[in-house]
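Whatever order the structure lists them in is the order used to number ligands and atoms, beginning at 1. Atoms considered below: every heavy atom in the structure, side chains included; atoms not considered: hydrogens, waters and symmetry mates. Model, not experiment: these values are computed from the prediction.
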Amino acid sequence: MRPARALIDLQALRHNYQLARELSGAKALAVIKADAYGHGALRCAQALEGEADGFAVACIEEALQLRAAGIKAPVLLLEGFFEAGELALIAEQDLWCVVHSLWQLEAIEQATLTRPITVWLKLDSGMHRVGLHPKDYQGAYQRLLASGKVTRIVLMSHFARADELDSPASNAQVAVFDAARQGLSAEISLRNSPAVLGWPQVPSDWVRPGIMLYGATPFEVAQAQAQRLQPVMTLESRVISVRELPAGEPVGYGATFVSPRPTRVGVVAMGYADGYPRLAPTGTPVLVAGKRSQLIGRVSMDMLCIDLTDVPEAGLGSPVELWGKHVLASDVAIQAGTIPYQIFCNLRRVPLVYSGG
Ligand SMILES: *Cc1c(COP(=O)(O)O)cnc(C)c1O
């Protein structure tokens, strides 16, 4: 059997969830959209169900999978509905629903619902992606109340730059949010992972941690609270072939790496078809036989090469950690010019193996 697999440590997931709660002192919706950032939404939801205040997903398709598997906790649809026809099911399945646009507000007013729903009313406080314009916010709130279709409204917005700890942009967004909600007494929700970790002064009744649950830092720089996270996923495989090259020999497609010295090359069963980033360059860290080494040459579809020259104890069959508790996914992501969010979401073909459930 091919040795590539992703180990998922559900105990670490629970630790990270508790950390989000502890740091925020708020209720926390565990964000498990996109199959829990590649970690398996259902297993993650089951591991958290006893303690989580609720879950957040991108769309009703993701929510229905959770409900079908018996998840009873609140589930928020972060983009609400995409067409009005989803509203009946949202009410029936007791899902919480973001309203980010006036067309959604109108659809709720016109809908016939079996019971009233919980709405998270989203303000565009400066990201300019989705969310109501500040001038429409209070009116939308009043119309939702008047519609008779809504039992509860939570006021929310989303940060564009909370991962930039020295940027004034997040405080500016909070000011816009506070002005827009003036006089409304409703629960509020602003903070995603970088804001939970790095912006303790931002008030919240509800936080929405995603990437931090999986133990990866959203910051490009070291940050004290992020250091308390425990990586959940270990992407691992084994060395399937070893060769000794003299100096001056190319390795892999395009000969982008040429051995500068006599080099011992290990071939690992892991490639971009598994979701390992093809753009990870020579020098990207890996762990082999418990020691740090590095990628050499181009990543291919099913294999990649690593340098074993300074790890003489490593050989055929040696275990390799591509990312996990020793090689941080965020470090691999930076090398590959991306973010840990994307390298997790790109994961495929490798079996997910759970522990700590
Ligand atoms: C994805 C998402 C989150 C979680 O973001 P992280 O940076 O992963 O914590 C929170 N809120 C909204 C609206 C989202 O879309």
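Asp35 places none of its side-chain heavy atoms less than 4.5 Å from the side chain of His39.
By the 3.5 Å distance cut-off applied to N or O atoms, Lys122 is not counted among the residues near ligand 1. For ligand 1, one of its N or O atoms has an N or O atom of Gly210 under 3.5 Å away. Taking distance alone, with nitrogen or oxygen atoms compared against 3.5 Å, Ile211 approaches ligand 1 more closely than that limit.
A salt bridge between Lys27 and Glu187 is present, with a side-chain N of the basic residue lying under 4.0 Å from a carboxylate O of the acidic one. Salt bridge Arg21/Glu51: absent, no basic N to carboxylate O contact under 4.0 Å. The pair Arg152-Asp205 does not meet the salt-bridge criterion, since no charged nitrogen lies less than 4.0 angstrom from a carboxylate oxygen.
For atom 9 (O) of ligand 1, the closest non-hydrogen atom on the protein side is Ser193 OG, 2.5 Å. Of the protein's non-hydrogen atoms, the one nearest atom 10 (C) of ligand 1 is Arg208 O, 3.5 Å.
Listed for the Ser300 side chain is no donor-acceptor partner under 3.5 Å among the backbone atoms of Asp302.
Both cation-pi conditions hold for Arg43 and Tyr354: the charged atom is under 6.0 angstrom from the six-membered ring centre and inside a 45 degree cone around its axis.
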Starting from the C-alpha separation in whole Å, work towards a yes-or-no answer on side chain to side chain contact (heavy atoms under 4.5 Å, CB included) for Arg14 and Leu48.
CA-CA 6 Å; Arg14 282 192 292 269; Leu48 289 172; 3.8 Å; yes

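Below 4.0 Å from some heavy atom of Lys33 lie the following atoms of ligand 1, by number and element: 1 (C), 2 (C), 3 (C), 14 (C), 15 (O). For ligand 1, the atoms sitting less than 4.0 Å from at least one non-hydrogen atom of Pro194 are 7 (O), numbered in the order shown with element in parentheses.
Proximity of His158 to ligand 1, defined as any heavy-atom pair under 4.0 Å, is confined to the side chain (atoms from C-beta onward).
Considering only non-hydrogen atoms, atom 4 (C) of ligand 1 lies nearest to Tyr37 out of Tyr341, Phe159, Tyr214, Tyr37.
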